[in-house]
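Take a look at the structure set out below.
One-based numbering, in listed order, for ligands and for the atoms of each.
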Amino acid sequence: MSKQKDTLYSMVMQYDGHPSAEELFLLCKEDNIKMSIATIYRNLNLLVNEGKIAKISIAGHPDRYDSRTDAHVHAICDRCETIEDFNVTGLEEFLRLRTNLDIHSYDLTLHYTCPKCRKKEALHIY
Ligand SMILES: [Zn+2]
Ligand SMILES: [Zn+2]
């Protein structure tokens, strides 16, 4: 692994959540690591292609990266863009039975408004 790729890999692994390339760029800046945003994108794509990390592409949101590469469900708050992981047991089996397809994996994102954002909204309304 190149040093830059190695650095980014450990950053994604240690990140609490699902960082965007921009967030990793800011982290690099904070840590005085010199890496351009283009270099970050290129190395993140390499890591994705190698199956070391996963990319989460959601329409209307910037791409995010995931230290987990196993199938799991994402829930994104459409207001603050926080992504949470969920393990929904039996989902793959359920989908296989319903579709009759020999599914290898799935990619499921739930959209919702998180409790924090709901609270904020409520404060504005009342
Ligand atoms: Zn939220
Ligand atoms: Zn995830």
**Asked** For the side chain of Arg64 and the backbone of Lys55, is there at least one donor-acceptor N/O pair under 3.5 Å apart?
**Response** no
**Complete:** Taking 2.8 Å as the strict upper bound, the Zn ion (ligand 2) has protein N, O or S neighbours numbering 5
**Item:** Side chain Asn43, main chain Thr39, donor-acceptor under 3.5 Å
**Value:** yes
**Any residue meeting side-chain hydrogen bond (donor to acceptor under 3.5 Å, both in side chains) with Ser105, in chain and number order, not counting sequence neighbours** = none
**Prompt:** Within the side chain of His72, is there an N or O that forms a donor-acceptor pair under 3.5 Å with the backbone of Asp70?
**Reply:** yes
**Asked** Are the side chain of Asp31 and the backbone N or O of Ile33 linked by a donor-acceptor pair below 3.5 Å?
**Response** no
**side-chain contact (heavy atoms from CB on, under 4.5 Å) between Ile76 and His18, intermediate numbers included** = CA-CA 10 Å; Ile76 183 165; His18 302 76; over 6 Å; no
**Message:** Angle at the Zn ion (ligand 1), SG of Cys80 to SG of Cys77, rounded to 10 degrees, please.
**Reply:** 110°
**Prompt:** Which atom pair, heavy atoms only, marks the closest approach of Leu44 to Tyr65?
**Reply:** CD1-CE1, 3.5 Å
**Request:** Rounded to the nearest 10 degrees, what's the angle SG of Cys117 makes with SG of Cys114 at the Zn ion (ligand 1)? Could you check?
**Result:** 100°
